[in-house]
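This report refers to the structure that appears directly beneath it.
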Amino acid sequence: MALRLPRIGTSQIVALVLILAANWLVSPQFFDIRLQDGRLFGSLIDVLNRGAPVALLSLGMVLVIAMRGIDLSVGAIMAICGAIAASLADSHSLPVVLGAALAAGLACGLWNGFLVAVLGIQPIVATLILMVAGRGIAQLITEGRIVTFNSPELAFLGGGSVLGLPTPVVLALSMLALTLIIVRGTALGLMIEATGGNPRASALAGIGTRLITVAVYMWSGLCAALAGIVAAADILGADANNAGLWLELDAILAVVIGGTSLFGGRFSIILAVVGALIIQAMNTGILLSGLPPETNLVVKAVVVLAVLLAQSPKLGGHAAGLGVLFSRKKA
Amino acid sequence: MQTLDPLLPPSPATGHVPLLQVTGFSKAFAGFPALDRVNLNLGHGEIHALLGENGAGKSTLIKTITGVVARDAGQLRLDGVDIAPRSAGEALTAGIATVYQEVNLAPNLSVAQNLFLGRQPTRFGLVREREMRRRAQALLAEFGLSIDVGAPLESYSVAIQHIVAIARAVDQSARVLILDEPTASLDAQEVEVLFAVMRQLKARGIGILFVTHFLDQVYAVCDRITVLRNGRLAGSAPIAELPRIELVKLMLGRELSEATAARPARAPGASGAPVAAFTGYGKTGYVAPFDLDLPAGHVVALAGLLGSGRTETVRLVFGAEKADCGTVRTAGAVAAVGSPREAMRLGFGYCPEERKTEGIVADLSVRENIVLALQAQRGPLRPLSRREQDEIAARFIRLLDIRPPDPSRPIGLLSGGNQQKALLARWLATKPRLLILDEPTRGIDVGAHAEIIKLIRELCDEGMALLVVSSELDEIVTYADEVIVLRDRAHVARLTGSQIDVPAILAAIADTPPGAAATA
Amino acid sequence: MNFKAVLLASALSGALFSVGANAAELTVGFSQIGSESGWRAAETTVSKAEAKKRNVNLKIADAQQKQENQIKAIRSFIAQGVDAIFLAPVVATGWDSVLKEAKEASIPVVLLDRDIDPSGKELYLTAVTSDSVHEGKVAGEWLVKTAAGKPCNVVELQGTVGASVATNRKKGFEDGIAGASNVKIVRSQTGDFTRAKGKEVMESFIKAEGGGKTICAVYAHNDDMMVGAIQAMKEAGLKPGTDILTVSIDAVPDIFKAMAAGEANATVELTPNMAGPAFDAVMAFKAKGTVPPKWIQTESKLYTQADNPMAVYESKKDLGY
């Protein structure tokens, strides 16, 4: 896993460094970090903190995509699980709240996995069902309102800090470590790559492709549930209409920026998270820049295009792509 | 070994400037030379066989000629004019067309649409469908083909698809036609149809570079042979000056081992207990119920024409397809084989015929491909350590002589023969009691062929039961202890011991339809 | 289709019954867009209460954001022979034919909350809506008054880019502060009308403006974004409402909680009571034939900490926001 990082991760790391450098140019205090009430405080911390939900989603999404699948429902699962957590927060203890929300995420993943692996529905269609219906379910839970809560324990998961780091960052890092251990510490990673690369050959080699498919969608559901809890804890309330809205697309983009092909096969968990950070670094940079909001999407599109072009083998790969792009602009 | 230019006189067909002249082509991949100063002359109206073992550099040569891969050095002349195409499209514009084994046309479009894709006859921007069909009909008629050009391409046999691809290329004013193993998936009659087309093109003065593994075909249609070995030119000569045994020597760089020679003396019936016994096993509409005993140390071969039920039988045996009747007994006890995983639990292994779609995982390394089945058997929670994986991969790369001996190379970059060896390694690593091989020598070169046959014998001697599907009757005869002949999805004959010889198998296959011996 | 017809028939007979039973003064059909936001839910709740107050029999049809459902509902109201129809149109165009049917049946139509394409002006009695430019202006004027001539750098949390409400509230605020050279907008970014984005954007504003020291006030196009921004200020160690002034629009219950806690300063109400003025207009029209003006503008009331925010919160919290 980590061994591959230097070889294929160069373009992503270069892209992240370039974007951070650009942020520093538009906002000279970008790298300033101070301690505020025992919590690290600064734009760089914001990138990590705000990037945590998409990073969490990308941990599940990267595995799903490696299996030649896609999970469009993660944003809706965030909304469902955030709604459950917020609804229960003031009347139940934290373990119950978390247990219920995470179980709901797993159940959503099981549903997706069932549709894909057992009924053989194409992943994009199968998960579209929950993407559309899920937000409705979340709205049913919140009765269309923003359900607020006061539970300090749950609020801690969004706004608290551990050893100075915001809790969402710590949660995302823990989940990253857990995913790495489960996937790369066992033979699951190999099996996922094999199944994504050639499902028929893998089944004939004795890999339980169906079971792994279901497991991978469940993991994606679990990651989405955690992201939903973090999002709800962050604003001290569940906003069923907006929580996780369109974040599935950011998660897919993070995975793609991380170099995992939408056609399945080889994947990198760490680079998917780097992809999520690239997206958030860009978002934060745009907010700091003071550019008019009408330009947000244009700037985003241009940066994403540049990052993806830099990875294109036809442009010489790696940073060369970015270099080419910039030098042509000047010329 | 060093081949010198004097071996390459100007093409005899014209006596002066050759149609296509390749001079000093070199290409290295990551420092590993795939082509080393290769020369080749193709004359007007010449059918020129390009031969060589897997990894000899045939496909690299073709790709550098068509510009798909950039060459490191060398000169390419078409009718004496330097050309340097940078893509297949540019090569086609220059007059060099390539038709691959897997026809790359659009199978869901009609034959006519495929013929004129991208250059449809139009009027006011609209496609003139009727005009297009008329021209398609006329074009195919030149090749003696009269089919409904409005039907989708995929509704026709591979042979016709090839002819459509060739017709499209020739109609785009190609003067050089490269045919990359076009006959690999054709039956005898289809090959004849294709040859007729090739001869016709030859008469028109088109030069054909013909890549194949079938030596019979080389002697049937070709004028000249060029042999590559290890990326270098091993030799080139007119067909009349190169007898078969010399050709094989050129290809292998050594005398052919006794592998494909006569059947060795084997103790008949020196077999152990049955590894598996199938009784009344079958599936409706798939394969008629059959009895099959697979004793340890025995090779049971399945012979028959394509579609006779050979592959279907082994898929049932391995659980890739579920049987709907019959029983399996292993070690005397009733067992179930409802899935590949269950089959593996019983100690079965299966190398499928479709190497690319059902065998290799192209993106993964040779090492990962080799350990895949063993790891699946152990389950995800007991991963093989990297060291164990390396050891297993290294052992089998050495044992089976997989080349290049680089376990971290993506298996998709290996030649067909080496992929096949890696797949064998995948199953040998699981130490199977029954190994099922479906066409283990298809589409691979003579050398790997011999090695795999030798391996089959060795495995058998070690007490493994083998179930082999093969169209190569000569080979079957050398290693099989028992031959089961299939016809029309049923097991129709069983030959053992001294009954096994090619005429007997042919007779059994051809029981009703005559003339099936063409491929033998 | 048959099933739907049966449903319609039974709804029809049920409706006739209820009119007789209640002996209500008026029967009004209300085609509501749906319940996509808390404000929308509150509007529905308040409409029911206002109807009850006036002894009006109100039938509400939830269109679930579909114009097609709204047209069906209006046809069914016409078939039932209601006295008036209220319509909160989901889109601005495509109403001509169904509103003509209502006109031919002599049933007056009142638009609530949103206007329709001008071509249909003669097809409805009146439109009861809020003026979102005016809302922004009220917010801006409050800030000018509160800043009292001292220099004041404002950061603005815009609604969704391109949404007319966002454009109008931005314009209105700019109009409101136009006369005061001491008040100026230094940063403006979209928070998509959501708490989460409001918080994230405010975080970056704080970083970009020297830890928030150079920010004098925050203006948010809706209260939800402001609730998020308040959290961001608190987490940055700032005191919203004291260190930084806040003014936003909508007057949802949660902002009153913040005002009660001294963390928010002002909000401009987008009243959920559109139905009240509409009922009055219809009743006057029916009784005396008084033709109301084509546009009834609802009040954009300003609430501050001085308006007993806790009491307002209590009165609003059960409206369905």
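Just so we're clear, the structure is a prediction, and the values are computed from it rather than from any experiment. Reminder, nothing fancy here: chain letters follow the sequence lines and each chain counts from 1.
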**OP:** Might you confirm whether atom CZ of B:R378 has over 12 heavy atoms from other residues, nucleotides or ligands at distances under 6.0 Å?
**Re:** yes
Original post:
Is a side-chain N or O of A:N198 found less than 3.5 angstrom from the main chain of B:D363, in a donor-acceptor match?
Top reply: no
Subject >> More than 12 heavy atoms of other groups within 6.0 Å of A:Q122 CD >> reply: no
Original post:
Counting only heavy atoms not in B:K63, do more than 12 fall under 6.0 Å of its NZ?
Top reply: no
Original post:
Taking every heavy-atom pair that is under 4.5 Å apart, which of A:G206, A:S202, A:G196, A:P199 has the most such pairs with chain B?
Top reply: A:G206
Original post:
At a heavy-atom separation under 4.5 Å, does B:Q375 approach chain A through its side chain, its backbone, both, or neither?
Top reply: both
Subject >> Closest non-hydrogen atom pair, B:A376 against A:A205 >> reply: CB-O, 3.3 Å
Original post:
Just wondering, do B:L384 and A:L190 contact through their side chains at under 4.5 Å, heavy atoms?
Top reply: no
Original post:
Which residue out of A:A194, A:G265, A:G197 racks up the most heavy-atom pairs below 4.5 Å with chain B?
Top reply: A:A194
Original post:
Does atom CG of B:L413 have more than 12 heavy-atom neighbours from other groups under 6.0 Å away?
Top reply: yes
Original post:
In terms of heavy-atom pairs under 4.5 Å, which option from B:N369, B:I360, B:L364 contacts chain A the most?
Top reply: B:L364
Subject >> Rounded distance [0.5 Å steps], CZ in B:R315 versus CG in A:L204 >> reply: 6.0 Å
**OP:** Indicate the atoms forming the closest heavy-atom contact of A:G185 with B:P383, along with that distance.
**Re:** O-CG, 3.4 Å
Original post:
For the residue pair B:G359 and A:A201, what are the closest heavy atoms and their distance?
Top reply: O-CB, 3.2 Å
Subject >> Atom of A:L188, atom of B:P380 and distance for their closest heavy-atom approach >> reply: CG-CB, 3.9 Å
**OP:** Assess whether atom CH2 of B:W427 is packed by more than 12 heavy atoms of other residues, nucleotides or ligands within 6.0 Å.
**Re:** yes
Original post:
Side chain, backbone, both or neither: which part of B:R382 has an atom under 4.5 Å from a heavy atom of chain A?
Top reply: neither
